[in-house]
Number of protein chains: 2
Amino acid sequence: MSVTVKDIARVAGVSTATVSRSLRGLETVSAETREHVLEVAHRLEYVGSPAAAALSTGKAGSVGIITPYVDRWSFGRMLGGIERELRAANVDLLLYCTGDPSDPHPLLPHKRLARRADGFLILSVAAESPDLEEIFKLRMPLTMIGASAPWTSSVRIDDRDAAATAIGHLVERGHQRIGLIYGREKANPIVLEHQRYLGFSDAMERAGLELDDSIQAPGGFTVAGGEEAMVRLLDAEQAPTAVFAFSDEMAFGALQAMRRRGLRPGYDIAIVGFDGHDMSGLLDLSTVSQPLELIGATAARNLLADMNDPSRERKAVVLPTELVPRGSTVRDQ
Amino acid sequence: MSVTVKDIARVAGVSTATVSRSLRGLETVSAETREHVLEVAHRLEYVGSPAAAALSTGKAGSVGIITPYVDRWSFGRMLGGIERELRAANVDLLLYCTGDPSDPHPLLPHKRLARRADGFLILSVAAESPDLEEIFKLRMPLTMIGASAPWTSSVRIDDRDAAATAIGHLVERGHQRIGLIYGREKANPIVLEHQRYLGFSDAMERAGLELDDSIQAPGGFTVAGGEEAMVRLLDAEQAPTAVFAFSDEMAFGALQAMRRRGLRPGYDIAIVGFDGHDMSGLLDLSTVSQPLELIGATAARNLLADMNDPSRERKAVVLPTELVPRGSTVRDQ
DNA sequence: TTGTACGCGTTATCAG
DNA sequence: CTGATAACGCGTACAA
């Protein structure tokens with residue numbers, strides 16, 4: 001097999017305990033002994049066994065990230081922030097993708113999940129999700145992103161307020177018939193959806209406007225889905241004069257649908273998206289921008305802190321969003 | 001601490017060996033014993049320790065994926081394909097991000113990498129990269145994506161041919177002055193870049209056209225970088241009539257730059273990108289589309305096969321690409 | 001079909 | 001400062 005601490009101990013003429021201590025840089029070893037051990041280890045091309053270390057210490061040396069999707073733009077950005085922090089702390093990153101949260105999916109794989117990591121980052125999964133109960137029961141350090149539960153740390157934006165701001169922007173510009181492209185079909189919506197919907201209805205009510213189901217459709221958070229949804233809105237008996245989409249990607253699809261019909265964003269119909277996608281500027285799409293990398297990094301840092309000090313008080317961080325008005329809502333003055 | 005096989009054995013009145021066998025569904029246990037053990041395990045809420053299992057069997061039960069970037073669109077798509085296959089096989093996914101390959105980065109973390117996973121998926125890293133030597137030395141199952149080495153499996157597209165096709169398309173449409181937006185600044189390019197560049201120059205030569213450095217610029221594979229690069233091309237003493245970008249995202253940036261100057265894609269300047277990005281249709285961008293999820297899935301499946309049978313012959317799979325002509329290259333007939 | 005007992009590679013607890 | 005030695009939790013020859 002491969003080189004172990006035993007081999008090093010034998011060659012270096014010390015005990016395995018001393019080898020272990022030297023390797024980990026504990027101060028309780030004389031400098032010269034350590035030097036020697038390190039030299040031998042290097043010469044033998046020693047590579048430690050994380051499994052053995054994990055078994056011995058009880059710490060896996062990694063955190064798991066649980067997410068319903070992996071190929072969405074916003075996920076990539078968050079992941080970037082998370083990865084950076086984790087790498088800096090030298091902990092491994094395990095990725096678990098649960099698939100669409102509205103499916104009755106086969107639960108978060110096995111409970112094996114538990115022992116794999118020392119803590120978890122949970123993305124956009126409703127705290128009430130039955131799947132999560134299993135995780136909560138583990139009583140491990142947890143940080144939720146895009147949702148929150150009283151007994152875990154969380155990092156998120158104020159989805160409700162942000163959505164209301166977007167609608168407020170449209171109302172200000174004189175729109176009275178405002179359509180909506182939301183995410184999943186009804187049941188078990190991911191949290192942020194629910195919050196954004198509340199913000200939407202808050203603002204509509206405040207403006208004295210009626211909610212009309214015929215101009216609301218699900219876009220599944222994809223470009224193609226957004227396009228389909230927009231087609232439905234346009235085909236409604238009375239089409240909307242403005243549309244709010246729960247994600248920029250869906251808004252892009254909506255723009256596509258409009259273009260196919262010769263409708264000009266901002267003139268014929270106003271559109272505002274959500275995320276602050278790289279490409280929203282290019283498409284001149286108004287959007288509510290959120291600091292995704294920062295959200296990821298903040299969550300990761302928080303989780304690491306919780307892991308190091310389990311008694312640490314749980315934190316619920318709320319990061320700011322920003323409305324970015326562009327041509328898709330301001331041309332039609 | 002937590003429930004172990006020993007606890008189950010005691011409660012169920014059998015040996016730990018029988019517990020282990022039952023838990024893993026080995027056929028060498030009587031049905032009724034197994035039932036009983038499973039029932040007890042369930043009742044005790046037993047959760048196995050992957051670390052212990054790994055230590056005992058020598059298999060980590062996971063594969064590592066090594067990538068220079070994590071927030072690029074194409075990566076998300078590949079990851080989707082990879083994740084699906086891995087999940088189906090019930091193996092964990094470890095993510096290692098190396099950062100920009102042209103930096104002299106601190107090597108692929110530690111060698112600890114080795115024992116963490118049973119195999120690795122390596123994305124877009126040059127086989128000649130010094131970092132990889134360390135990995136190769138491990139003699140573990142490896143599958144490269146977007147690059148290849150004779151002694152490992154690999155899955156890729158024919159970047160050279162694909163790039164040549166894109167240029168051929170432009171040449172066909174009468175373009176003689178063709179600019180290029182490539183990725184990283186010179187040194188240590190990721191492999192696909194080199195290949196695409198070769199395809200570019202192949203086709204240029206074949207058409208009897210000259211390469212002109214003044215209309216070639218790096219865009220760093222980002223939208224913003226693509227925009228900057230395009231500005232440089234437009235400001236060249238003699239601007240190009242057509243531009244080929246190594247990624248759709250950079251092409252999007254180029255479109256942005258054109259729009260800011262009132263230039264119409266397909267009329268004033270033709271543009272063709274690379275990837276088959278979700279949004280290329282929306283922006284009417286001609287592109288060379290590659291089957292990213294399939295690439296990821298194929299690579300993952302291949303790696304799993306190599307892991308199960310180390311003597312398995314290494315495979316080098318080349319998947320097809322497709323030129324998708326759109327308005328950005330065909331309007332100016 | 002089932003049980004015994006040892007090994008996997010580290011870390012941690014004691015003595016010394 | 002260093003060395004035995006006992007865990008850590010599971011898999012698996014080997015024996016019964």
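Since the structure is predicted, the reported quantities are computational estimates derived from the model, not experimental observations. Letters A, B, ... are given to chains in the order of the sequence lines, protein chains preceding strands, and every chain is numbered from 1.
In this pair, A:Y96 and A:F120 present their aromatic rings tilted. The plane angle is within the 30 to 60° band.
Of the two residues near DNA chain C, B:A52 and B:V29, the one whose nearest nucleotide lies more 5' is B:V29.
A donor-acceptor pair is defined here as one N or O able to donate and one able to accept, closer than 3.5 Å; no such pair exists between the side chain of B:E83 and the backbone of A:V70. Using modelled atom types, one side-chain atom of A:E193 and one backbone atom of A:G183 make a donor-acceptor pair closer than 3.5 Å.
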Just list the side-chain donor-acceptor pairs under 3.5 Å for residues 295-307 of chain A, sequence neighbours left out, or say none.
residue	atom	partner	partner atom	Å
A:T298	OG1	A:L294	O	2.6
A:R301	NH1	A:E85	OE2	3.0
A:N302	OD1	A:S153	OG	3.1
A:D306	OD1	A:R312	NH1	2.4
A:D306	OD2	A:S153	OG	2.9

Please output the side-chain donor-acceptor pairs of residues 51-66 of chain B that fall under 3.5 Å, not counting sequence neighbours, one pair per line with the distance.
residue	atom	partner	partner atom	Å
B:T57	OG1	B:A53	O	2.9
B:T57	OG1	B:K59	N	3.1
B:S62	OG	B:R116	O	3.0

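At whole-Å resolution of the value, CG in B:L23 and C1' in D:dG11 are 12 Å apart. Look at CG on A:D7: it is 10 Å from C1' on C:dG9, rounded to the nearest Å. Atom pair A:K59:NZ and D:dG9:P shows a separation of 13 Å (rounding to whole Å applied). Rounded to whole Å, atom P of D:dG9 lies 14 Å from atom CG of B:L44. Between the CD atom of B:E35 and the C1' atom of C:dT1 there is a distance of 16 Å, rounded to whole Å. In this structure, the CZ atom of A:R10 is 13 Å from the P atom of C:dT10, given to the nearest Å. Between A:L55 atom CG and C:dT11 atom C1' there is a gap of 10 Å when expressed in whole angstrom units. Distance B:I8 CD1 to D:dG11 P: 11 Å, rounded to the nearest Å.
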Short heteroatom pairs, N/O only, protein and nucleotides 12-15 of chain C, under 3.5 Å:
residue	atom	partner	partner atom	Å
C:dA12	OP2	A:R24	NH1	3.1
C:dA12	OP2	A:R24	NH2	3.4

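When distances are taken from the side chain of A:A53 to each of C:dT10, C:dT2, D:dG3, the shortest belongs to C:dT10. When distances run from any side-chain atom of B:T18 to the nucleotides D:dG3, D:dG9, C:dG3, the shortest one goes to C:dG3.
Contacts of A:R43 classified as side-chain contact (heavy atoms from CB on, under 4.5 Å), with partners at least two apart in sequence or in another chain: A:V11, A:E39, A:V40. Residues passing the side-chain contact (heavy atoms from CB on, under 4.5 Å) test with A:R21, sequence neighbours excluded: A:A17, A:T18, A:L26, A:T28, A:V29.
Listed pair A:T33 / D:dC1 fails the phosphate criterion, with no side-chain N or O lying under 4.0 Å from OP1 or OP2. The side chain of A:S15 places an N or O atom within less than 4.0 Å of a non-bridging phosphate oxygen (OP1 or OP2) of D:dG3.
In the helix from C:dT1-D:dA16 to C:dG16-D:dC1, the end axes, each obtained as the rotation axis mapping the C1' atoms of four pairs onto the next four within a five-pair block, lie 30° apart to the nearest 10 degrees.
Within the nucleic acid shown, B:V19 has no heavy atom closer than 4.0 Å to any nucleic acid atom.
Interatomic distance, B:S148 OG to B:R314 CZ, rounded to the nearest 0.5 Å: 14.5 Å.
The nearest pair of heavy atoms linking B:P291 to B:L319 is CG-CB, 4.1 Å.
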